[in-house]
Q: 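One structure, pasted below without further comment.
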Amino acid sequence: KAGVTQTPRYLIKTRGQQVTLSCSPISGHRSVSWYQQTPGQGLQFLFEYFSETQRNKGNFPGRFSGRQFSNSRSEMNVSTLELGDSALYLCASSLEQGAIAQYFGPGTRLTVL
Amino acid sequence: ELKVEQNPLFLSMQEGKNYTIYCNYSTTSDRLYWYRQDPGKSLESLFVLLSNGAVKQEGRLMASLDTKARLSTLHITAAVHDLSATYFCAVAPDSGGYQKVTFGTGTKLQVIP
């Protein structure tokens, strides 16, 4: 079974632009969560989607948004990029909301110049 | 707000030695995760601990959970170079939001041959 895939793997943007990252969960998994990893703040939870609905949200500004499609694929969008948004963005999939196991994708490395 | 503290932050040890990484958390929780991350890579799940007194072992790593003390430990036995990585604990709140985990700061382990 294929693992979690994230595209693109690397991205360079400039301040003020917006970006969309994509995550395809493991086949059959319906819950997708997003995390941001930076050297300064560490790993932080962004949001979780299940059945096309946002179920949980971390403490991030409204510039960070996401959605989930009927096939469970998820996208996250960051508008008006700031230098501090440079990070590794990780997506994790789970079978169901509340499932114990989470499987992480390889991540998207975003650099904001 | 759930806080998770890990120590030490950095650990340099010689092959063959034993050591323990500690993970303290501030509120009640019904699950605790340990992950491994190699440089530039995603997170690899090591253990999920679900109940007080839970102990899990895989190779040279053993994790335990004391929910009363709100403490988990990751014990490394007879370290080998391949264990060099950053180790994270992550705690899910017992109020729901299972994927809304809070991560510790990570422990960067360097095993010297």
Q: Heavy atoms under 4.5 Å from chain B: which residues of residues 66-91 of chain A carry them?
A: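 Near chain B, by residue number: A/Leu88, A/Leu90.
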
Q: Between atom CG of A/Leu43 and atom OG1 of B/Thr102, what is the distance when rounded to the nearest 0.5 Å?
A: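 If I round to the nearest 0.5 Å, the distance is 11.0 Å.
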
Q: Are A/Gln102 and B/Val101 side-chain neighbours, meaning at least one heavy-atom pair lies under 4.5 Å?
A: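 In contact.
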
Q: With a 6.0 Å cut-off (strictly less than), is the heavy-atom count around OH of B/Tyr22, excluding the residue itself, greater than 12?
A: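 Atom OH in B/Tyr22 is not packed in, count stays at 12 or less.
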
Q: What is the distance from atom CZ of B/Phe103 to atom CD of A/Gln37, rounded to the nearest 0.5 Å?
A: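 Rounded to the nearest 0.5 Å, the CZ-CD separation comes to 8.5 Å.
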
Q: Give a yes or no on this: more than 12 heavy atoms of other residues, nucleotides or ligands lie within 6.0 Å of atom CZ of A/Arg63.
A: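 Count over threshold, so yes.
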
Q: Is the number of heavy atoms from other residues, nucleotides or ligands within 6.0 Å of CD (B/Glu5) greater than 12?
A: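 Check fails, neighbour count at 12 or below.
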
Q: Between the side chain of B/Ser42 and the main-chain N/O of A/Gly107, is any donor-acceptor distance below 3.5 Å?
A: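 No, the answer is negative, given that no donor and acceptor are paired below the 3.5 Å cut-off.
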
Q: Is the count of non-hydrogen atoms from other residues, nucleotides or ligands lying under 6.0 Å from A/Gln41 atom CD greater than 12?
A: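 No - once you tally the heavy atoms of other residues, nucleotides and ligands closer than 6.0 Å, there are 12 at most.
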
Q: OH of B/Tyr19: more than 12 outside heavy atoms within 6.0 angstrom?
A: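 No, because the 6.0 Å sphere around OH of B/Tyr19 holds 12 heavy atoms or fewer from other groups.
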
Q: Holding to side-chain contact (heavy atoms from CB on, under 4.5 Å), I want the full list of residues that pass it with A/Lys57, two or more places apart in sequence or in another chain.
A: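 By the side-chain contact (heavy atoms from CB on, under 4.5 Å) rule, A/Lys57 matches A/Gln54.
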
Q: Surrounding NZ of B/Lys108 (heavy atoms of other residues, nucleotides or ligands, distance under 6.0 Å), is the total greater than 12?
A: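 No.
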
Q: Membership question, hydrophobic clusters at under 4.5 Å side-chain separation (ILVMFWY): are B/Leu2 and A/Phe60 in the same one?
A: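 Unlinked, A/Phe60 and B/Leu2 end up in two clusters.
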
Q: Rounded to the nearest 0.5 Å, how far does OH of A/Tyr103 lie from CD of B/Glu44?
A: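 So the gap between those two atoms works out to 12.0 Å.
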
